[in-house]
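Here's the structure we're looking at; comments come further down.
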Amino acid sequence: MKPWFTSLNGAIMLSAVALLSMLARTFLDFQFVFNEFAPSPGQAGLAILVMTAIFGGWLWALLAAVQNSRAGLIGALGFSLLGFGGGLATMFALCPSPCPTAGGLMEIANWTHLITGLLAAASVGLYLRQSGKAQMA
């Protein structure tokens, strides 16, 4: 398990899973949360643009990482950390656990988002560290 976890394929797969968990959570946010904090169409449009930029950047990073691009891997690490940080912020400040939003669905999405972001960040970080040592040797 450890060799896969620290491999390029493992890092990319876990980052893609973290992206999908963030996408699922974003669907719930748009359905149940954003209309409370961003009631106007302009605010909703801005939220859509921000989330589109995040998902587009994350996809770019994954596509570059498939080519073993260090910049793509660093981007994937950053977006995975963003997912982990978003999960932490939600868990402790925005909707503390247990989160009642959407009949408990947000609780599942928060934990999934938190765990997948952490696993992806760890995997990408370990791969970068291991590949950096190999280049130095």
Testing the basics here: between [X] and [Y], what is the closest heavy-atom pair and its distance to 0.1 Å?
X	Y	result
Asn110	Cys95	ND2-O, 4.2 Å
Phe55	Leu23	CZ-CA, 3.6 Å
Phe5	Leu119	CZ-O, 3.6 Å
Gln130	Thr6	NE2-O, 3.3 Å
Ala16	Leu62	CA-CD1, 3.9 Å

Considering only residues two or more places apart or on different chains, which pairs with a residue in [range] satisfy salt bridge (charged side-chain N to carboxylate O under 4.0 Å, His left out)?
range	value
residues 85-107	none
residues 71-100	none
residues 83-97	none

Should Thr52 and Ile48 count as side-chain neighbours, where that means a heavy-atom distance under 4.5 Å?
yes

Does a side-chain heavy-atom distance below 4.5 Å link Val33 with Thr101?
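With C-beta onward as the side chain, the pair touches.
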
Without swapping roles, check the side chain of Thr116 against the backbone of Thr112 for a donor-acceptor pair under 3.5 Å.
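Checking the backbone N and O of Thr112 against the side chain of Thr116, a donor-acceptor pair under 3.5 Å is found.
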
Heavy-atom donor-acceptor pair, Ser7 side chain to Trp4 backbone, under 3.5 Å:
yes

To the nearest 0.5 Å, what is the distance between [atom1] on [X] and [atom2] on [Y]?
X	Y	atom1	atom2	result
Leu63	Trp58	CG	CH2	14.0 Å
Met13	Leu8	CE	CG	11.5 Å
Leu94	Cys99	CG	SG	9.0 Å
Leu19	Ile12	CG	CD1	13.0 Å

Transitive ILVMFWY side-chain link Leu14 to Trp111, under 4.5 Å:
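Yes, Leu14 and Trp111 fall within the same hydrophobic cluster.
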
Going hydrophobic residue to hydrophobic residue with side-chain gaps under 4.5 angstrom, can you get from Phe30 over to Leu49?
no

My understanding is that only residues two or more places apart in sequence, or in another chain, count here; which of them pass side-chain hydrogen bond (donor to acceptor under 3.5 Å, both in side chains) with Gln43?
Ser40

Quick one: list whatever passes side-chain hydrogen bond (donor to acceptor under 3.5 Å, both in side chains) with Ser123, sequence neighbours left out.
none

Between the side chains of Asn9 and Tyr127, does any donor sit under 3.5 Å from an acceptor?
no

With a 3.5 Å cut-off and sequence neighbours excluded, list the donor-acceptor pairs that the side chains of residues 71-90 form with protein atoms.
{"from": "Ser80", "atom 1": "OG", "to": "Ser15", "atom 2": "OG", "distance (Å)": "3.4"}
{"from": "Ser80", "atom 1": "OG", "to": "Ala76", "atom 2": "O", "distance (Å)": "2.8"}
{"from": "Thr90", "atom 1": "OG1", "to": "Arg25", "atom 2": "NH1", "distance (Å)": "3.1"}
{"from": "Thr90", "atom 1": "OG1", "to": "Arg25", "atom 2": "NH2", "distance (Å)": "2.7"}
{"from": "Thr90", "atom 1": "OG1", "to": "Gly86", "atom 2": "O", "distance (Å)": "2.9"}

